[in-house]
Colleague: 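Mind looking over this structure? Questions follow.
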There are 2 protein chains.
Amino acid sequence: MTAAGIRHEEMRSRNRALVIGAVRRSGQPSRTEIARLTGLSHSTISAIAADLIEEGVMQEAAPQGAAAPVRRGRPQVAIGLNPAAASAMCLYLSFNNMSAVLVDYCGRVIASKTRKLQTLSIGRDELVAATIEIAGELAAQHGAFMRVVLAVQGITNAEGTELLWSPIVSHAHVPFGPLLEEAFGVPATVQNDCNMIAVALRWHNPKLYRDNFVAILLSRGIGMGLVLDGKLFTGTRSSGGEFGHMVHRPGGALCRCGNRGCIEAYAGSYAIWRRAHGRDAAEKPVDDIEAEEMHQLAELARRQEGPARQAFREAGEALGFGLGNLFTLIDPAPVAIIGQGTAAFDILEPQIRRALAQTAGGQHAGTISFETQPIARPFIQHGSAMTALTALDKDLCTRLQSERMEKEQVA
Amino acid sequence: MTAAGIRHEEMRSRNRALVIGAVRRSGQPSRTEIARLTGLSHSTISAIAADLIEEGVMQEAAPQGAAAPVRRGRPQVAIGLNPAAASAMCLYLSFNNMSAVLVDYCGRVIASKTRKLQTLSIGRDELVAATIEIAGELAAQHGAFMRVVLAVQGITNAEGTELLWSPIVSHAHVPFGPLLEEAFGVPATVQNDCNMIAVALRWHNPKLYRDNFVAILLSRGIGMGLVLDGKLFTGTRSSGGEFGHMVHRPGGALCRCGNRGCIEAYAGSYAIWRRAHGRDAAEKPVDDIEAEEMHQLAELARRQEGPARQAFREAGEALGFGLGNLFTLIDPAPVAIIGQGTAAFDILEPQIRRALAQTAGGQHAGTISFETQPIARPFIQHGSAMTALTALDKDLCTRLQSERMEKEQVA
DNA sequence: AGCTTTTTTTCGAGACCCGAAAAAAAGAAT
DNA sequence: ATTCTTTTTTTCGGGTCTCGAAAAAAAGCT
């Protein structure tokens, strides 16, 4: 019930954040441009920009001959983020694979590294050790970092300190956050991979994916990242939005999670494979399916009627009813479909739309846009980077500001 | 992408709002108490309180002998909202009924009025005319009002200007907002009844219903009001959260909305009645069922196995899977069940919990709290009143502040 | 070289918050 | 009855921030 009043420092702090945000979004704006974007006066922008430049967060960019239109008047001075202001480590734990990407403050990749590891069989401590090791190696070779984000296929807690559960790791409640913070002495969070995809889409195509949209990851499982009102939607306790485990058919097909009838138990690749091969819907999901095999099933489904086509039909239906239920709660929004599963999207889409049209939320099924992206990894990495960097923006905003105030007190 | 910078006026404006909010929530706090609640300094509170008292928004309350503990020191001066500062008209359109309640700025009822009307058969213009008439009559007798909220069982647009669709009205897209604004010259919004219930619960029991909870209305249809992160959840375009029309069984029982398998088509009173009487699930829902008849069905279900018991079993199951799916998206939260349907909640609850336990979102089904309230109307009216009054708080905050500034300019 | 145009900085004014001190308003102690 | 103690509220001075207007800077145009 206690709400915080706004003090003076906070006003400056927020306006600083606003300026950094404007620069991050628009690349290399001039001070005038920033004033327009933020609605603050030129004098204020001038003052804040001077501070931030002195602090090394931003810098005046070299005038780019091409971009500057030849006009009268004093030329605008482009301002960009200082790539050396900070850097972030983006880790991504996927099935049997760990990757690390080091990015500078502008989001450009400095270096990256990948390593195989048996995610399902590896011990808890070895998993943590391997994570710390790969980040440590990259840092030793290419310089330290000020923040870590670990993206994982799985559920985290809402605070991003713990991996609560993951289909690709046989351990629950792994407190990656504190462990990484201890190892590197910098803030660290664990994030759901689909949430990172959603963040990335927002930077990637802000025109389409702006305030409200859905990102669905189709692979072995079904994941979702949801942006509502311009904010990443999370559960009250967990990373939330476990779309794939909404129940499509009560008592239906067996899901990896142990429950029955989940959307994933119809639309996950293992579920399509199981159905296409005429296996029992209650059969335990097989562990790993080659992408090539899924391609062949899709090809078969395209060619002729039969169990393969029926499998994809049921997958599309499950996704369609699921989206319809989601839209019943939040109203329709643009949908991005990402991942391997998009290879068969031509078969899925008609079924999705047909199912959507049978739900209250999908009344206008025709107007809903679907866009597909087969490769998820770059989105996950970009999303992790932007998550880390926007957090760094705030860190720099407040930390450097308080340093500045102390310095002035001495003087 | 354009975010507003914080200027000085806004800082004051927000802090004023914070003070009003603190007073509204805690009844009659002293200035010291307000400082504690808002985190602002005593000097600031003193200044803001002086302003607001001079403007007539708040007033120093008469010292209440009972409440004041005898202590040393200068006694605290209780500050309360000035009941005469504003007033609001709360309308509620339910099946065959329209009610109007006039409340003062403290939320106390000044007067109320009820009228029968045939909501399903009445013409569009007559409906609007009847709405304006009842509000006008009450105002003529008991004084004008500064804001209107019309609560309706149905879907509104996100802005609250239009009733998009309602099961109790045979007209779609009724722009109540502009029409009422034109008639009375004050701001008017249309709100979903369940959302109003959720707002009311938050004021009613802030301990349990604080940042995250679900309010489910069980009557002819199934409605939901959802609070996430302390904010009323709405769709991106509509009032949203149409829980009752999430699909429970694809292709299943016929729903009032025309689709098949909706939760409502199993758990709405008409659905229970239909199932208990052995009617076909595809049969068109009957229009109206007496409460007494539902009581008898529940009694029958309690007594013996048979279609009545099966009907309630399936209703509970539909609600349980629906809640499970919701929790899969947002994580578990306290649930309040409101309305006539709670009369049979003793039969429904075990089924709800059983179904919940079969979903990913309901893993900890045992820990989820259910609370029932049979009568919805007082909650809807209280929620409407608080919605209108908190909107008025903001109106007064900004309007009076700008008047004050103009006056000072003249002087 | 001077004029025009546009961007950026500087400067003074105004608004607001805060901490400290003062004032106010009690009860308790002498 | 007067003085002391305690607590609340107001007042005052200082500091920070934003803003508008004016000045300065840095071009192109004539």
Side-chain angles (χ1 to χ4, degrees), chain A residues 4-19 28-54 58 60-61 63 65 68-79 397 401-402 404-409 411, chain B residues 4-19 28-54 58 60-61 63 65 68-79 397 401-402 404-409 411:
Chain A
I6 299 181
R7 9 175 81 57
H8 249 117
E9 329 146 22
E10 199 178 320
M11 183 162 69
R12 185 53 170 271
S13 196
R14 285 207 210 179
N15 286 340
R16 281 167 60 103
L18 215 56
V19 169
Q28 302 216 315
S30 68
R31 289 174 174 80
T32 307
E33 179 77 1
I34 297 173
R36 199 181 55 76
L37 286 168
T38 59
L40 294 168
S41 74
H42 287 194
S43 17
T44 305
I45 296 301
S46 190
I48 292 180
D51 281 7
L52 290 173
I53 288 172
E54 198 203 308
M58 314 194 307
E60 296 197 348
V70 183
R71 277 187 307 144
R72 259 196 184 183
R74 179 172 174 174
Q76 302 192 345
V77 181
I79 293 180
C397 231
Q401 189 180 20
S402 57
R404 161 176 294 272
M405 290 178 77
E406 278 168 31
K407 204 188 293 175
E408 277 172 14
Q409 274 188 342
Chain B
I6 300 180
R7 10 176 79 60
H8 251 118
E9 322 144 26
E10 200 178 320
M11 183 162 69
R12 186 50 170 271
S13 196
R14 285 208 212 180
N15 286 341
R16 282 167 58 102
L18 216 56
V19 170
Q28 302 216 317
S30 67
R31 291 173 173 81
T32 307
E33 178 77 0
I34 297 174
R36 198 181 57 75
L37 286 168
T38 59
L40 294 168
S41 73
H42 286 193
S43 16
T44 304
I45 296 303
S46 190
I48 292 179
D51 281 7
L52 290 173
I53 288 172
E54 198 202 311
M58 311 193 308
E60 296 196 347
V70 183
R71 276 187 306 142
R72 258 195 184 185
R74 179 171 173 174
Q76 301 191 346
V77 181
I79 293 180
C397 229
Q401 190 180 20
S402 56
R404 161 176 294 272
M405 291 177 76
E406 277 167 33
K407 204 187 295 175
E408 277 171 14
Q409 273 187 345

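Here is how names work: the chains are called A, B, and so on, in the same order as the sequence lines, proteins then strands, and each is numbered from 1.
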Colleague: Rounded to the nearest Å, what distance is computed from the CZ atom of residue B/Arg36 to the C1' atom of nucleotide D/dT7?
Modeller: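 Going from B/Arg36 (CZ) to D/dT7 (C1'), I get 15 Å.
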Colleague: Compare the minimum distances between each of C/dC17, D/dT18, D/dT9 and the side chain of B/Thr44, then state the nucleotide with the smallest one.
Modeller: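 That would be C/dC17.
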Colleague: At under 4.0 Å, does any side-chain N or O of A/Arg31 touch on OP1 or OP2 of C/dT9?
Modeller: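 Looking at the OP1 and OP2 atoms of C/dT9, one of them is under 4.0 Å from a side-chain N or O of A/Arg31.
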Colleague: Rounded to the nearest angstrom, tell me the gap between atom CD1 in B/Ile34 and atom C1' in D/dT10.
Modeller: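 That distance rounds to 15 Å.
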Colleague: Is any N or O donor-acceptor pair between the side chain of A/Ser43 and the base of D/dG20 shorter than 3.5 Å?
Modeller: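 Checked by distance alone, the answer is yes.
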Colleague: Over how many whole Å does the gap from B/Met11 atom CE to C/dG14 atom C1' extend?
Modeller: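 Atom-to-atom, B/Met11 to C/dG14, this comes out as 12 Å.
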Colleague: Mind checking the CZ-SG spacing from A/Arg16 to A/Cys397? Nearest 0.5 Å is all I need.
Modeller: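 A/Arg16 CZ to A/Cys397 SG: 5.0 Å, rounded to 0.5 Å.
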Colleague: Closer than 4.0 angstrom, basic N to acidic O: yes or no for A/Arg36 and A/Glu33?
Modeller: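 Yes, this pair counts.
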Colleague: So which nucleotide from C/dT8, C/dG14, C/dC18 ends up closest to the side chain of A/Val77?
Modeller: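 My answer, after comparing the listed nucleotides, is C/dT8.
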Colleague: Pairs under 3.5 angstrom only: tabulate donor-acceptor contacts from the side chains of residues 39-48 of chain B to other protein residues two or more places apart or in another chain.
Modeller:
| unit_1 | atom_1 | unit_2 | atom_2 | d |
| --- | --- | --- | --- | --- |
| B/Ser41 | OG | B/Ser43 | OG | 3.2 |
| B/Ser41 | OG | B/Thr44 | N | 3.3 |
| B/Ser41 | OG | B/Thr44 | OG1 | 3.0 |

Colleague: So which atom in A/Val19 and which in A/Leu52 form the shortest heavy-atom distance, rounded to 0.1 Å?
Modeller: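 Smallest interatomic distance, heavy atoms only, reads CG1-CD1, 4.0 Å.
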Colleague: Between A/Asn15 and A/Arg72, which has a closest nucleotide on DNA chain D that is more 5'?
Modeller: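 Result: A/Asn15.
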Colleague: Do the non-hydrogen side-chain atoms of A/Arg14 and A/Glu10 ever get within less than 4.5 Å of each other?
Modeller: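 Side chain of A/Arg14 against side chain of A/Glu10, heavy atoms only: contact under 4.5 Å found.
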Colleague: Check every atom of C/dA26, D/dA26, D/dT9 against the side chain of A/Pro75 and return the nucleotide holding the closest atom.
Modeller: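 Between C/dA26, D/dA26, D/dT9, the one nearest the side chain of A/Pro75 would be D/dA26.
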Colleague: Would you mind telling me which of D/dC17, C/dT7, C/dC17 lies closest to the side-chain atoms of A/Arg7?
Modeller: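 So the side chain of A/Arg7 is nearest to C/dC17.
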Colleague: What is the separation between atom CD on A/Glu9 and atom P on D/dT18, rounded to the nearest whole Å?
Modeller: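 Going from A/Glu9 (CD) to D/dT18 (P), I get 13 Å.
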Colleague: Is there side-chain contact between B/His8 and B/Met11, with heavy atoms separated by less than 4.5 Å?
Modeller: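 Side chain of B/His8 against side chain of B/Met11, heavy atoms only: contact under 4.5 Å found.
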Colleague: So which heavy atom on B/Ala49 is nearest to which on B/Met58, and how close?
Modeller: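 Closest pair (atom of B/Ala49, atom of B/Met58, distance): CA-CE, 3.9 Å.
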Colleague: With sugar-phosphate meaning primed atoms plus P, OP1 and OP2, does A/Thr32 contact a base, only sugar-phosphate, or nothing at under 4.0 Å between heavy atoms?
Modeller: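 It contacts sugar-phosphate atoms only.
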Colleague: Whole-Å distance between C/dT7 C1' and A/Gln28 CD?
Modeller: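 The distance from CD of A/Gln28 to C1' of C/dT7 comes to 17 Å, rounded to the nearest Å.
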Colleague: Angle between the end axes of the helix from C/dA1-D/dT30 to C/dT30-D/dA1, five pairs per end, to the nearest 10 degrees?
Modeller: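 One end's axis against the other's: 30°.
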Colleague: Roughly, in whole Å, what's the span from CD1 in A/Ile79 to P in C/dT7?
Modeller: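 For the pair A/Ile79 CD1 and C/dT7 P, the rounded distance is 13 Å.
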Colleague: Rounded to the nearest Å, what distance is computed from the CZ atom of residue B/Arg74 to the C1' atom of nucleotide D/dT5?
Modeller: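 Roughly 16 Å, once rounded to whole Å.
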Colleague: Can you find a donor-acceptor N/O pair under 3.5 angstrom joining the side chain of A/His8 to the base of D/dT16?
Modeller: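 Indeed, a donor on one side and an acceptor on the other fall under 3.5 Å apart.
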Colleague: Reading DNA chain C from 5' onward, which residue's closest nucleotide shows up sooner: A/Gly73 or A/Glu60?
Modeller: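 Comparing both residues, the 5'-ward one is A/Gly73.
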Colleague: CD of A/Glu33 versus P of C/dT6: gap in Å, rounded?
Modeller: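 Distance check: A/Glu33 CD to C/dT6 P gives 16 Å.
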Colleague: Choosing from C/dT8, D/dC19, D/dT10, which nucleotide comes nearest the side chain of B/His42?
Modeller: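 Of all the options, the side chain of B/His42 is nearest to D/dT10.
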Colleague: Salt bridge or not for B/Arg31 and B/Glu60, using N-O below 4.0 Å?
Modeller: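 Yes, B/Arg31 and B/Glu60 are salt-bridged.
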Colleague: Give a yes/no answer on whether the side chain of A/Arg12 brings an N or O atom under 4.0 Å of OP1 or OP2 in D/dT18.
Modeller: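 Yes, such a contact exists.
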